[in-house]
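Here's the structure, in structure tokens; my notes come after.
Just so we're clear, the structure is a prediction, and the values are computed from it rather than from any experiment. Nothing fancy with the numbering, it's 1 onward along the sequence.
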Amino acid sequence: MTTGFWDRVADVTDEHVCHVQCVAGEQNIVAKFVLNGTQRRLDRNQNETLAGTLARLRKTLAGAGKAKKSQLQPDQTVQTVEVHLSAADGSRISEETTNEEAWITGHKLQVNEMEFVCERNRPVIDLIHIKQNVIQGFAVQPLVNKSFADSVYFRWSVEQGDTWQVVSEQESFVPTSDCVGKRLKVEAVPVSTTETGELDIGRRVALELAEGVQAAPDLSVFKDRWRHVANTNKDGERDNFLRVMSYNLLADGTPAQRAGEYDYCESGAMEISYRKQLLTWELIQYDADVICLQEVTPHAYKTYMEPVMRQTGWTGVFCNKNFNAQMACAVFFKTSKYDLYMEENVDLHSEWQALKDARSHSVSSLVSDTLRLELDRANTVAQIVALTPKNDQESPFFVVNTHLMGSPTARLGRVIQVAAVMRRLRIAMTDCGLFDAPTVFSGDFNASPDEPVHQLLSTGRFSRKHKVWAETQSLFAEAENRNSNKKQTQEGVDVNTEIVFHRGASTAQRTYIDRRLDKGGAVVDFIYFSRNHFKLQNEHFPDFAPSD
């Protein structure tokens with residue numbers, strides 16, 4: 001963006017403008033203006049006459065609605081407010097005019113001595129906000145709500161004594177060491193394109209942060225890890241391999257957080273307003289081609305992670321959990337390398353309900369009431385994403401990202417969930433005509449390596465003779481003997497995925513990404529890939545000790 005653009009931006013502030021929204025087909029007209037620091041809003045029928053609208057506005061501004069005349073003290077009177085609408089030449093608009101005809105660009109709303117120029121359906125910034133800790137080295141991303149605008153132009157400045165020094169014209173800004181202790185200001189200008197191709201430039205809105213930039217935390221512990229990444233990023237070496245990352249971000253306000261499981265962390269470090277920028281920065285450092293995330297806080301994703309990752313070179317695909325608005329899954333992929341071929345969100349709760357409805361299904365008939373209840377309550381989802389390499393030399397490949405149910409007693413429940421995902425994956429492949437397509441299956445399985453779900457992923461089937469059936473014999477009974485206390489000796493049932501790439505999955509490798517220090521160090525996060533399509537180059541990062 002050139003300096004010339006900012007020279008064209010009007011210096012009139014919102015304190016002198018009445019923003020009018022009047023859209024064909026909508027019943028009401030909305031007018032907003034700021035009077036004495038308070039935003040006022042009119043929401044009236046488009047076909048109502050101006051007389052009724054202005055009478056309502058006079059009553060509201062006079063405060064007559066706050067007290068009846070009978071309640072006023074003898075020395076009190078109802079305040080009179082002069083309100084009218086005039087044309088650009090100063091002539092008053094007839095109050096018999098309808099709102100749709102009266103509230104147009106160029107007309108002026110007069111409130112006592114204050115004058116507001118009407119701008120109808122023009123680009124406008126409704127809200128600009130920054131909800132994060134502003135830290136050296138981490139991107140600052142403003143939250144902007146706009147109306148009638150195709151895009152928003154930004155400009156960042158750093159406080160220099162009594163003045164502001166312009167430092168960036170990007171959507172987000174990464175403060176340097178020179179910014180520590182100084183305040184930031186961001187300006188935003190909404191823009192739309194007219195039918196003739198010209199820019200319709202809206203009013204500039206500025207936000208000055210109240211506090212200065214914080215110094216960066218100590219990141220030396222990560223330097224060896226980033227060196228390892230850099231060694232595999234040499235020219236030409238990334239062209240023929242796929243780097244995949246899986247990461248459970250620990251959603252804000254999860255039960256583990258509320259239970260104090262992470263009480264060894266400072267309370268401020270657990271706040272999503274602090275963590276979201278460090279997590280995003282860490283994802284960028286790993287420089288993976290495909291990033292699979294679990295326990296993503298939706299608001300943090302939409303207002304910070306997705307915009308920053310997009311500006312840095314990744315495209316995001318988001319899937320919220322169906323019963324929990326505070327926890328989601330997301331897949332990011334490198335925009336320069338891949339195009340999105342298709343995406344599908346699998347609601348595993350609905351998949352289980354469908355399985356229950358098929359009463360003759362052997363798995364459903366054998367599931368205990370306890371496990372049934374856990375599956376009924378599970379709000380697990382899976383993402384199925386197909387990506388096409390931009391080099392046009394390779395066919396699309398699939399990425400599956402999921403977060404399986406976490407109950408320790410739901411080992412068989414996780415088998416059922418993975419089988420459901422595999423079935424939907426096979427359908428997606430068939431619908432796309434991509435039989436036996438390369439596939440990566442990644443996520444937080446909540447399952448240690450010895451759980452039966454891994455047999456299903458590695459072989460394409462889960463045997464009725466697997467030891468877990470015997471171990472959990474008391475959980476299962478024949479459908480007609482559910483209320484019997486007698487232990488059953490019945491075998492389990494075979495569970496088959498029936499997926500197209502089962503040959504590849506039969507020799508799949510699992511890559512341990514997350515090594516949890518709690519719960520005995522159990523590994524519960526995995527990356528699977530079809531081996532007939534992929535060759536493992538590096539199974540995991542070295543276990544780095546903190547740098548001295």
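You'll find the side chain of L199 reaches within 4.5 Å of the side chain of T193, heavy atoms only. Under the 4.5 Å side-chain criterion, counting only non-hydrogen atoms from C-beta, L348 is not in contact with M405. Looking only at side-chain heavy atoms (C-beta outward), F138 and N133 stay at 4.5 Å or farther from each other. Side-chain atoms of F5 and I201, non-hydrogen and from C-beta on, do get closer than 4.5 Å to each other. The shortest distance between side-chain heavy atoms of K334 and D287 falls below 4.5 Å. Contact of the V453 side chain with the F526 side chain is not registered, since no non-hydrogen atoms from C-beta on lie closer than 4.5 Å. For the pair I125/P190, a side-chain contact is recorded, criterion being any heavy-atom separation below 4.5 Å from C-beta on. Side-chain contact between Q383 and V400 is absent, with no heavy-atom pair separated by less than 4.5 Å.
Under the rule for a side-chain hydrogen bond (donor to acceptor under 3.5 Å, both in side chains), the partners of Q165 that lie at least two apart in sequence or sit in another chain are Q160. In terms of the side-chain hydrogen bond (donor to acceptor under 3.5 Å, both in side chains) criterion, T280 has no residue partners (sequence neighbours excluded). By the salt bridge (charged side-chain N to carboxylate O under 4.0 Å, His left out) test, K390 is found to be paired with D339, residues two or more places apart in sequence or in another chain being considered. Every side-chain hydrogen bond (donor to acceptor under 3.5 Å, both in side chains) that E306 has, sequence neighbours left out, goes to R310. Residues satisfying the side chain to side chain contact (heavy atoms under 4.5 Å, CB included) test with T388, not counting sequence neighbours, are Y341, P396.
Checking side-chain atoms of Q277 against main-chain N and O of V140 turns up no donor-acceptor pair under 3.5 Å. Side-chain atoms of Q311 come within 3.5 Å of backbone N or O of S172 as a donor-acceptor pair. H299 places no side-chain N or O within donor-acceptor distance of the main-chain N or O of Y304, the cut-off being under 3.5 Å. Side chain of Q132 to main chain of A139: a donor-acceptor pair is present (N/O by atom type, distance under 3.5 Å, no hydrogens or angles). Remark: the backbone N or O of L293 is paired with a side-chain donor or acceptor of N401 at under 3.5 angstrom. Judged purely by atom type and a 3.5 angstrom limit, D444 has no side-chain atom pairing as donor or acceptor with the backbone of D525. In this structure, the side chain of W156 does not engage the main chain of V174 through any donor-acceptor pair within 3.5 Å.
For V213 against I135, the heavy-atom pair with the smallest separation is CG1-C, 4.0 Å. The minimum heavy-atom distance between L184 and P175, with the atom names listed, is CD1-CG, 4.2 Å. Of all non-hydrogen atoms in P142 and I130, the two that sit nearest each other are CA-CG1, 3.9 Å. Contact between M245 and A288 at its shortest, heavy atoms only, is CB-CB, 3.8 Å. When all heavy atoms of L242 and V440 are compared, the pair lying nearest together is CD2-CG2, 4.2 Å. Closest non-hydrogen pair, L404 versus V418, comes out as CD1-CG2, 3.6 Å.
Atom NE2 of H454 is separated from atom CG of L456 by 10.5 Å, given to the nearest 0.5 angstrom. Put simply, CG on L42 and NZ on K32 are 11.5 Å apart, with the number rounded to the nearest 0.5 Å. How far CZ of F398 is from CD of E344: 9.5 Å, rounded to the nearest 0.5 Å. To the nearest 0.5 Å, atom CZ of residue R411 and atom CG of residue N446 are 13.0 Å apart. The line from SG of C432 to CE of M342 is 4.5 Å long, rounded to the nearest 0.5 Å. From I272, atom CD1 reaches atom CZ of R275 across 5.0 Å, with rounding to the nearest 0.5 Å.
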Would you sort out whether N121 and V20 count as a side chain to side chain contact (heavy atoms under 4.5 Å, CB included), showing the intermediate values?
CA-CA 6 Å; N121 296 351; V20 179; 5.7 Å; no
Determine whether F397 and Y338 satisfy the following criterion, ring pair (Phe, Tyr, Trp, His ring centres under 6.0 Å), listing intermediate values before the conclusion.
CA-CA 10 Å; F397 65 94; Y338 309 106; 5.5 Å; yes
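Contacts classified as salt bridge (charged side-chain N to carboxylate O under 4.0 Å, His left out) and involving residues 172-188 (residues at least two apart or in different chains) are given here: R155-E187, E159-R183, R183-E208, E187-R204.
Residues Y301 and F332 place their aromatic rings such that the two centres sit under 6.0 Å apart.
In N36, the CG atom is not crowded: 12 or fewer heavy atoms of neighbouring residues, nucleotides or ligands sit closer than 6.0 Å.
Neither side chain, S530 nor T439, offers a donor N or O lying under 3.5 Å from an acceptor on the other. When only modelled atom types and interatomic distance are considered, Q417 and T380 share a side-chain donor-acceptor pair under 3.5 Å.
Taking the six-membered ring for Trp and thresholds of 30 and 60 degrees, F441 and F445 have ring planes more than 60 degrees apart, a perpendicular arrangement.
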